Number of protein chains: 2
Amino acid sequence: MHSQFTIDCVILSFDNGKLQVLLTERNEYPYKDWWSIPGYFVDKYEEMEDAVYRICHEMTGLKNIYMDQLAAFAGVKRHPEGRILTVAYLAFVQFDSIKNKIKPVSTYMKQAKWFAANDLPDLAFDHLDIVTKSLDRLKNTISYSASLYELLPEKFTLTQLQQLHEAILGKTLDKRNFRKKINTLGYLKPLDEYQKGVSYRAAKLYKLDKRKFQKVIGQP
Amino acid sequence: MHSQFTIDCVILSFDNGKLQVLLTERNEYPYKDWWSIPGYFVDKYEEMEDAVYRICHEMTGLKNIYMDQLAAFAGVKRHPEGRILTVAYLAFVQFDSIKNKIKPVSTYMKQAKWFAANDLPDLAFDHLDIVTKSLDRLKNTISYSASLYELLPEKFTLTQLQQLHEAILGKTLDKRNFRKKINTLGYLKPLDEYQKGVSYRAAKLYKLDKRKFQKVIGQP
DNA sequence: AATATAATGTGTATTTATTACACTATTAAA
DNA sequence: TTTAATAGTGTAATAAATACACATTATATT
């Protein structure tokens with residue numbers, strides 16, 4: 001038995017130099033056959049935080065993804081069958097590691113698919129507003145958010161990190177200055193490992209030192 | 001006729017060197033006679049943005065206050081009569097200009113009263129969580145928020161502004177460095193006017209130049 | 001009129017961060 | 001061995017942040 005509000009999940013990833021949004025194709029009215037961000041009703045006695053994981057799993061097949069609350073959306077006309085409030089959540093996932101795991105469990109969605117954030121199809125409900133707000137949030141928290149690194153593999157190159165920043169900020173950055181900045185931050189640890197399988201000079205791999213990140217960013 | 005979610009308003013102000021929270025004393029069950037942040041049910045066909053102003057007015061007597069959405073709170077046990085989701089909003093008001101206008105219109109609240117943010121009574125529901133989150137939000141947005149200046153009179157002294165920053169950040173700031181920073185910001189305009197009614201050297205008054213603020217802060 | 005009080009308002013030297021800018025090094029493939 | 005593709009590096013100039021102490025001004029008091 002479900003209550004009268006829903007949860008919608010903006011699941012962002014990074015691939016091919018672009019931010020990607022995971023959309024699901026609806027199999028039920030309203031907006032049957034439309035693309036939407038994955039979402040569903042919260043059960044009456046279910047905590048929102050639990051519902052987010054359940055719904056994300058049912059609609060996309062993805063499990064154990066960390067989500068942050070974005071905002072509530074409750075426009076009277078957002079849902080054709082009467083105002084239904086939704087609480088939007090925002091998650092970041094690493095593209096390659098879940099590539100093959102994306103498949104709705106519920107028949108409520110026909111399929112789930114990635115779309116480049118700057119080239120989205122028409123979306124159901126007010127889901128475009130929700131995605132737009134997510135991208136703004138990401139832009140505004142880029143320097144403070146450890147979850148940013150969920151968008152990258154555990155071990156990543158500085159070029160990957162720079163390209164991610166560029167995609168989020170929508171502008172190019174200077175390589176030398178970017179790397180100098182990384183050094184002063186102190187929470188990005190160079191490893192004694194290098195990229196593999198590239199047909200050019202392999203780049204050094206880095207990882208986020210979460211403890212140091214907490215110290216530096218936690219209470220500045 | 002109202003729907004099944006509420007709006008709660010965190011109304012912050014600044015007086016006596018401290019952040020102040022406007023609380024209302026409940027006159028209805030549950031939590032009759034408890035202090036709470038002002039809130040009530042949204043009507044079924046009412047936009048949230050309209051409801052915020054209506055509810056704020058009914059519960060406190062205050063009109064036309066700018067509010068920002070903070071977050072949704074929906075703990076299953078937050079309301080003793082079953083889970084009721086609330087969307088919290090955050091507003092800043094200038095203390096002196098509304099001092100005498102605070103009086104609930106609705107009989108749902110017995111009275112409204114200011115409390116220092118660091119010395120609150122026990123609060124109804126999960127309202128302490130909501131206030132705490134508001135104060136965090138204020139801290140994190142202090143440099144980017146034009147609404148910050150709603151906490152001060154239209155014309156204010158740099159000492160007032162510094163004390164406000166100190167109250168929000170919870171630490172003291174250096175006067176000379178603070179003023180140097182103000183100068184480089186460029187959107188705080190010195191006036192040819194001075195403080196009145198003080199028994200010592202009168203300070204110069206400043207005001208926020210909203211156009212310049214937009215330019216500087218809008219898209220950095 | 002002189003003094004006390006209480007706050008305002010100001011500058012400099014040091015350190016740190018940001019910006020602008022171009023070439024050499026490395027690897028794999030051809 | 002050459003080519004292609006990307007990794008990796010330094011310096012000078014400017015701007016911002018920090019640490020720090022005293023003269024100035026308006027009023028109230030004697």
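All values derive from a computational prediction rather than experimental measurement. Every chain is numbered from 1 and lettered A, B, ... according to where its sequence line falls, protein lines coming before strand lines. For the numbers below, each heavy atom of this structure counts, side chains included, while hydrogens, waters and symmetry mates do not.
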Find the distance [X]:[atom1] to [N]:[atom2] and express it as a whole number of Å.
| X | N | atom1 | atom2 | value |
| --- | --- | --- | --- | --- |
| B:L191 | C:dG9 | CG | P | 12 Å |
| A:Q160 | D:dT6 | CD | P | 13 Å |
| B:N177 | C:dT15 | CG | P | 15 Å |
| A:N183 | C:dA17 | CG | P | 12 Å |
| A:K196 | D:dA7 | NZ | C1' | 18 Å |
| B:I182 | C:dG11 | CD1 | C1' | 18 Å |
| B:L185 | D:dA17 | CG | C1' | 13 Å |
| A:Y200 | D:dG8 | OH | C1' | 14 Å |

Please determine whether ring pair (Phe, Tyr, Trp, His ring centres under 6.0 Å) holds for the pair A:W34 and A:F125, giving the CA-CA distance in whole Å, both sets of side-chain angles, and the decisive distance to 0.1 Å. CA-CA 10 Å; A:W34 284 59; A:F125 308 106; 8.9 Å; no
Any Lys/Arg nitrogen of [X] or [Y] sitting under 4.0 Å from an Asp/Glu carboxylate oxygen of the other?
| X | Y | result |
| --- | --- | --- |
| A:K133 | A:D136 | no |
| A:E193 | A:K155 | yes |
| A:D33 | A:K110 | yes |

Do the side-chain N or O atoms of B:K181 get closer than 4.0 angstrom to the phosphate oxygens (OP1, OP2) of D:dA17? yes
So, is B:R179 close to the C:dG9 phosphate, meaning a side-chain N or O under 4.0 Å from OP1 or OP2? yes
Check this for me: does the side-chain of [X] come within 3.5 Å of the base of [N] through a donor and an acceptor?
| X | N | result |
| --- | --- | --- |
| A:K180 | D:dT11 | yes |
| B:K204 | C:dG9 | no |
| B:R201 | C:dT8 | yes |

Which comes earlier along DNA chain C counting from the 5' end, the contact point of A:V198 or that of A:T184, where each point is its nearest nucleotide? A:T184
Give the table of side-chain donor-acceptor pairs shorter than 3.5 Å for residues 116-124 of chain A, with sequence neighbours excluded, one pair per line with atom names and distance.
none

Answer with base, sugar-phosphate or nothing: what part of the nucleic acid does A:T159 contact at a heavy-atom distance below 4.0 Å? sugar-phosphate
Nucleotide nearest B:R176 (side chain, heavy atoms from C-beta), chosen from C:dA28, D:dA21, D:dG8: D:dA21
Taking the minimum atom-to-atom distance to the side chain of B:D174, which one of C:dA29, C:dT10, D:dC20 wins? D:dC20
